[in-house]
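Reading through the structure tokens given below for one structure.
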Amino acid sequence: MTDLVTLISKWAIPFLIVVTLIYGQIKNVDVFDTFVEGAKDGFDTSIKLIPFLVAMMCALGIFRASGAMEFILSFIEPILTAFYIPSDIIPMALMRPISGSSTFAMMTEIFQTHGPDSFVGRLASTMQGSTDTTFYVLTVYFGSVGIKKSRHALAIGLIGDLTGFVSALIICTLVFG
């Protein structure tokens, strides 16, 4: 089964490219000009995203540099102890909706401190895969199409992140705990 998945993953993209070229020829579309036009649109979209990304990165830097993370951790430490939640995982849980790269760095630090096969390492890995960078996603996707009013998207995204965190904690406790 693994060999079949490996074979499919190696040939999926070349297959899609060839199928696209053949389909373009059948439909009498100039594939190269269409590709260049799409690349121009992608560049314009990237330029529109820069202000949103700069604002988000500044907010993240202020949050980390202000000591707000340490303040929140000191406030909730008794609750974590009562529910047997490792306190090392909380910074990652708090940062995950904001920045994927910073949580990846935190996960690497957890691996170096506790090891990837430790309970905390497995929990960090499961959390990394079961939560998303909600603020980043909303900033990039909503910013690229000009959506100003996100309605319930932020609340739903954060509820999804909380659900992923709790699910990862429960599953890792049942399987590895």
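Both backbone and side-chain heavy atoms feed into the values below; hydrogens, waters and symmetry mates do not.
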Heavy-atom donor-acceptor pair, R96 side chain to T131 backbone, under 3.5 Å: yes
Answer yes or no: is there a donor N or O on one side and an acceptor on the other, between the side chain of D117 and the main chain of R122, under 3.5 Å? no
If you take all heavy atoms of T134 and G157, which pair is closest and at what distance? OG1-O, 3.5 Å
Taking transitive links into account, so neighbours of neighbours count too, which hydrophobic residues share a cluster with F43 at under 4.5 Å side-chain distance? I47, I50, V54
Evaluate side chain to side chain contact (heavy atoms under 4.5 Å, CB included) for F176 paired with I171, printing each intermediate quantity in order. CA-CA 8 Å; F176 305 116; I171 290 170; over 6 Å; no
Spacing of OG belonging to S125 relative to CZ belonging to F111, to within rounding of 0.5 Å: 3.0 Å
To the nearest 0.5 Å, atom OG of S118 lies from atom CG of L123 at 9.0 Å
Give a yes or no on whether F119 atom CZ has more than 12 heavy-atom contacts from other residues, nucleotides or ligands under 6.0 Å away. yes
Side-chain heavy atoms of L158 within contact of P97, under 4.5 Å: yes
Can you tell me how far apart OG1 (T133) and CE (M95) are? Round to the nearest 0.5 Å. 11.5 Å
Could you list the donor-acceptor pairs under 3.5 angstrom formed between side-chain atoms of residues 162-169 and any protein atom two or more places apart in sequence or on another chain?
unit_1: T163; atom_1: OG1; unit_2: I159; atom_2: O; d: 2.8
unit_1: S167; atom_1: OG; unit_2: T163; atom_2: O; d: 2.7

Would the distance check show the side chain of S150 and the main-chain N or O of A153 forming a donor-acceptor pair, the cut-off being under 3.5 Å? no
Hydrophobic cluster identity match, I62 and F135, side-chain contacts under 4.5 Å: no
Mark yes or no for whether T103, through its side chain, and S99, through its backbone, hold a donor-acceptor pair below 3.5 Å. yes
Non-neighbouring partners of A105 that pass side chain to side chain contact (heavy atoms under 4.5 Å, CB included), sequence neighbours left out: none
Could you list the donor-acceptor pairs under 3.5 angstrom formed between side-chain atoms of residues 20-42 and any protein atom two or more places apart in sequence or on another chain?
unit_1: T20; atom_1: OG1; unit_2: L16; atom_2: O; d: 2.7
unit_1: T34; atom_1: OG1; unit_2: D30; atom_2: O; d: 2.8

Spatial distance of atom CZ (F142) from atom CG (L154) [nearest 0.5 Å]: 9.5 Å
Validation: residues 8-15 side-chain donor-acceptor distances under 3.5 Å, sequence neighbours left out:
unit_1: S9; atom_1: OG; unit_2: V5; atom_2: O; d: 3.2
unit_1: S9; atom_1: OG; unit_2: T6; atom_2: O; d: 2.9

Hydrophobic clusters here meaning ILVMFWY residues chained together by side-chain heavy-atom distances under 4.5 Å, can you tell me if I98 and L73 are in one? yes
Residues 76-93, side-chain donor-acceptor partners within the protein, below 3.5 Å, at least two apart:
unit_1: T81; atom_1: OG1; unit_2: E77; atom_2: O; d: 3.0
unit_1: D88; atom_1: OD2; unit_2: H114; atom_2: NE2; d: 2.4

